[in-house]
Amino acid sequence: MQDLEYLKQRIALMDYLRQHNWTARPAAGQQEFVGLCPLHRDHRPSFYVNARKNLFYCHGCGQGGDLIRFVELSEHLSFRQSLAFLKRQIAPADDSGLMEQTAAFYQLQLHRHPEAVRYLAQRGLRDPALIEKLGIGYAPGASLRRHLATQGYGLDRLLDSGLIHPQGRDAFCRRVIFPCRQQGRIVNLYGRSIGAAFPHRLLSRSKGGLFAWDSVRLYSTVILVEGLFDLAVLWQAGFGNTTCALGTHLTPAQFAQLCDSPDRSVYIVFDQDQNHSGQQASRQLTQRLHGAGRMARLVRLPAGHDPNSYFAAGATAADFTACIEHGQGS
Ligand SMILES: [Zn+2]
């Protein structure tokens, strides 16, 4: 409870919202502001903030509360995780050592579990130098907590980090792990199930910016894909200018990154799934980029393929280049 009051004093709701690119105009009262709701698709401003009371209320989706409630809703975190998330905003370097230790542990496990290496090969990932460069690892499950305990990490730290479930189990079990870095620091871990479990999982914390943006942003032409396996096969084929948003919906921070240079061209290669959500998302993103004055093109792969399956099925860099040259848009 002390934590809670401390956090509320340190971070005002309005400051937090402004840092997350919320724009507002003064509303009726002196301390009242209104803007588009960050929690639902809002077309006319319905999100009200009382800066003095540090409370928000949205007349569109009916959500309301304090800063912690806002973090719960916007980051999809539990109450406890939201507290930890806000603490990390005050002292962000806090658990980078823990995340590095975890990633290193998972990297070591990869070579001890042939089923994981077989899985990478099935997905077309064979270059050991690239696997090393991306820091890919494997989480067998039921072993991380013990390992980190021997490194001196207490259970509270592990629960706050999201690496261990409140029930005490490892968050990742039988998953190939990709560390997501931002300015050199690991901000999250992505785990792809190699078994029957739900395929995609990130730790309950911010997913961070675009993948490997520190290096990709230097290119004048950038390829944007949906998943990390798409990115990995493209890097393997020599397209080091590929980045990934971990999904088809970019956070405001990721969109801002994509737009941070006026001369950049973006090629969007999302999955062509049967429910067409990938195509729809890529069309919308192309329009948003055009709206921001950026060059963007949709790239279509042969029917039924995403970049990963295309390369795993034997496509070459020249085949992919041909697809890019037939891209649509301007
Ligand atoms: Zn709303």
Side-chain angles (χ1 to χ4, degrees), residues 3-92 162 180 182-183 187-188 202-211 213 217 224 245-262 266 281 284-294:
D3 266 4
L4 222 146
E5 287 316 311
Y6 171 73
L7 279 169
K8 284 184 184 170
Q9 281 166 23
R10 284 294 300 274
I11 313 178
L13 177 59
M14 269 307 278
D15 291 343
Y16 181 87
L17 290 167
R18 283 203 190 100
Q19 278 164 23
H20 289 75
N21 302 315
W22 187 65
T23 50
R25 58 177 171 77
Q30 284 206 324
Q31 294 287 330
E32 283 240 308
F33 296 88
V34 61
L36 291 174
C37 176
L39 301 173
H40 82 277
R41 262 181 186 281
D42 202 3
H43 299 292
R44 101 176 43 150
S46 44
F47 187 86
Y48 287 78
V49 173
N50 185 312
R52 192 173 50 82
K53 294 182 183 160
N54 265 325
L55 294 173
F56 71 93
Y57 183 77
C58 173
H59 291 280
C61 60
Q63 300 287 4
D66 60 6
L67 172 62
I68 294 164
R69 181 70 189 138
F70 182 80
V71 171
E72 285 182 284
L73 293 167
S74 58
E75 302 289 334
H76 306 288
L77 301 178
S78 71
F79 179 77
R80 190 197 164 90
Q81 288 164 341
S82 300
L83 282 183
F85 177 88
L86 287 169
K87 271 193 257 176
R88 278 196 298 274
Q89 302 250 319
I90 296 174
C180 307
Q182 226 174 322
Q183 278 130 32
V187 290
N188 208 325
L202 281 165
L203 296 177
S204 307
R205 47 200 284 155
S206 164
K207 72 177 173 177
L210 293 168
F211 190 86
W213 191 241
R217 66 189 298 270
L224 176 71
L246 293 164
T248 57
H249 292 281
L250 275 66
T251 63
Q254 290 175 330
F255 184 77
Q257 286 177 319
L258 215 47
C259 292
D260 69 8
S261 160
V266 183
Q284 282 171 358
L285 181 58
T286 310
Q287 285 164 7
R288 280 179 69 199
L289 285 164
H290 287 167
R294 298 295 181 270

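Atoms considered below: every heavy atom in the structure, side chains included; atoms not considered: hydrogens, waters and symmetry mates. For clarity, every value in this text was computed on a predicted model and none was experimentally measured.
Checked against a 6.0 Å centroid threshold, the rings of Phe47 and Trp22 count as neighbours. A distance of 6.0 Å or more separates the ring centres of Tyr48 and Phe33.
When all heavy atoms are compared, the tightest approach of Ala27 to Val34 is CB-CG1, 4.0 Å. The two residues Gln182 and Val187 make their nearest non-hydrogen contact at OE1-CG1, 3.6 Å.
For the pair Phe56/Leu13, a side-chain contact is recorded, criterion being any heavy-atom separation below 4.5 Å from C-beta on. Side-chain contact between Leu289 and Cys259 is present, with heavy atoms from C-beta onward closer than 4.5 Å. Considering only heavy atoms from C-beta on, Pro26 stays 4.5 Å or farther from Glu32 through its side chain. Under the 4.5 Å side-chain criterion, counting only non-hydrogen atoms from C-beta, Leu285 is not in contact with Thr248. Using a 4.5 Å heavy-atom threshold, the side chains of Leu55 and Val49 count as separate.
The side chain to side chain contact (heavy atoms under 4.5 Å, CB included) test applied to Ala256 returns no partner, not counting sequence neighbours.
A distance of 7.0 Å separates CG of Asp260 from CD of Gln257, quoted to the nearest 0.5 Å. A distance of 7.5 Å separates CG in Asn54 from CG in Leu67, rounded to the nearest 0.5 Å. Remark: Leu224 CG to Gln254 CD distance equals 8.5 Å, nearest 0.5 Å. Separation of atoms CD (Gln81) and OG (Ser78) is listed at 3.5 Å; rounding is to 0.5 Å. Here the straight-line distance linking atom CZ of Phe255 with atom CZ of Arg294 works out to 8.5 Å at 0.5 Å rounding.
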Could you please spell out the steps behind the side chain to side chain contact (heavy atoms under 4.5 Å, CB included) verdict for Asn50 and Tyr57?
CA-CA 9 Å; Asn50 185 312; Tyr57 183 77; over 6 Å; no
Just distance, no hydrogens or angles: give the donor-acceptor pairs under 3.5 Å from side chains in residues 68-77, sequence neighbours left out.
unit_1: Glu72; atom_1: OE2; unit_2: Phe79; atom_2: N; d: 3.3
unit_1: Ser74; atom_1: OG; unit_2: Phe70; atom_2: O; d: 2.8

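Distance alone, capped at 3.5 Å, is enough to place a donor-acceptor pair between the Asp42 side chain and the Cys37 backbone. Checked by atom type and distance alone, the side chain of Asn188 pairs as donor or acceptor with a backbone atom of Leu203 at under 3.5 Å.
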